[in-house]
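These numbers come from the heavy atoms of this one structure, side chains and all, not from hydrogens, waters or symmetry mates.
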Amino acid sequence: MPGSPAAGGSVTRNSLRQQIADALRDEVLTGRLQAGRHFTVKEIAELYGVSATPVREALVDLAAQGLLDIEHHRGFQVRRFSHKDFREMVDARTLVIEGAFGRMTDAGSMGEIPAAAIASVRRRAEAAARAALSGELHILIGYDLRFWREIAALGGNPHICEFLDRIRVQTWVYAVPLLRAQPCLAGLCWAEHLSLVDAVADGDTAAAQRIVYAYNDHYLALMDKLAGARPGPES
């Protein structure tokens, strides 16, 4: 785990809470804090050299995001996602996206999207695609999440954006151990981010919808294959 997030200056309790939550979230996302790992508030507080209160608050925040399970009188456990969970999360994500695209279709367009917003999401897309093609998983996760957050934010509904981000984080948590077990990741993950940006920039709702569905299909097929190749039950 990284060093104390409080190093280098004083911080407020709220910002310390957020720093701890962000650091632990990154540990879970990258697979360094593995599914099923148990720990206590005291353990994390001692690790970071901080008091128990912001740690407890950070862990409760992560539990609310579905990344940790609270164990009565025992502490916390990194949540285990099954393959069934993964498929159901992708299904939930698809249903929400279908509704969003349906509304765009009824409106006849995606609406006016500022050029600066397109330029920003294009930069995320380029970085994510490069990482996917080169197999740099840690870099890909960060840019892929930022890319999809910005794409979702273009729709203007923060509640949809928050839901999709939470689900996407959880699907990455499931996928990471399977991906890390592969001898080479270059070109294995989806890398069509720029195609989606082009469709959005052109206001082509139908093309954007096809690309998003292709993204979901890609990861469903890939995770089906990798989970099927892994020994042990996958309920």
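- Under the 4.5 Å side-chain heavy-atom criterion for ILVMFWY residues, a single connected hydrophobic cluster contains both Phe81 and Val169.
- Atom-to-atom distance recorded for Asp91:CG and Lys84:NZ is 11.0 Å, nearest 0.5 angstrom.
- With respect to the salt-bridge test (charged N to carboxylate O, under 4.0 angstrom), the residues Arg80 and Asp69 do not qualify.
- One N or O on the side chain of Arg180 and one on the backbone of Thr30 form a donor-acceptor pair closer than 3.5 Å.
- A salt bridge links Arg87 to Asp224: at least one charged side-chain nitrogen sits closer than 4.0 Å to a carboxylate oxygen.
- Note on Tyr215: it does not cluster hydrophobically with Tyr213, by side-chain heavy-atom contacts below 4.5 Å among ILVMFWY residues.
- To the nearest 0.5 angstrom, Tyr48 atom OH is 10.5 Å from Glu43 atom CD.
- Residues Asp165 and Glu162 are not in side-chain contact: their nearest non-hydrogen atoms beyond the backbone lie 4.5 Å or more apart.
- Rounded to the nearest 0.5 Å, atoms CG (Leu178) and CZ (Phe86) are 9.0 Å apart.
- Side-chain atoms of Glu27 never come within 3.5 Å of backbone atoms of Leu33 as a donor-acceptor pair (strictly under, hydrogens ignored).
- Side-chain atoms of Gln77 come within 3.5 Å of backbone N or O of Gly36 as a donor-acceptor pair.
- At least one donor-acceptor pair closer than 3.5 Å links the side chain of Thr171 to the backbone N or O of Arg168.
- For Gln34, the CD atom is loosely surrounded, since the number of other residues' heavy atoms within 6.0 Å does not exceed 12.
- Note on Leu179 and Tyr143: separate hydrophobic clusters, where clusters join Ile, Leu, Val, Met, Phe, Trp and Tyr whose side-chain heavy atoms are under 4.5 Å apart, directly or indirectly.
- Judged purely by atom type and a 3.5 angstrom limit, Arg166 uses its side chain to pair as donor or acceptor with the backbone of Ala64.
- The backbone N or O of Val90 sits less than 3.5 Å from a side-chain atom of Thr94, completing a donor-acceptor pair.
- Residues Ile139 and Leu29 do not share a hydrophobic cluster, clusters being chains of Ile/Leu/Val/Met/Phe/Trp/Tyr side chains in contact below 4.5 Å.
- Side-chain contact check for Asp85 and Ser82: at least one donor-acceptor pair (N or O, by modelled atom type) lies under 3.5 Å.
- Cluster membership check: Leu24 shares its hydrophobic cluster with Leu145, using side-chain heavy-atom separations under 4.5 Å among Ile, Leu, Val, Met, Phe, Trp and Tyr.
- Judged by distance alone, the side chains of Tyr174 and Gln170 never bring a donor and an acceptor atom under 3.5 Å apart.
- For Gln182, the CD atom sits in a packed shell: over 12 heavy atoms of surrounding residues, nucleotides or ligands are nearer than 6.0 Å.
- Defined by atom type and a distance below 3.5 Å, a donor-acceptor pair is present between the side-chain atoms of Asp22 and Gln18.
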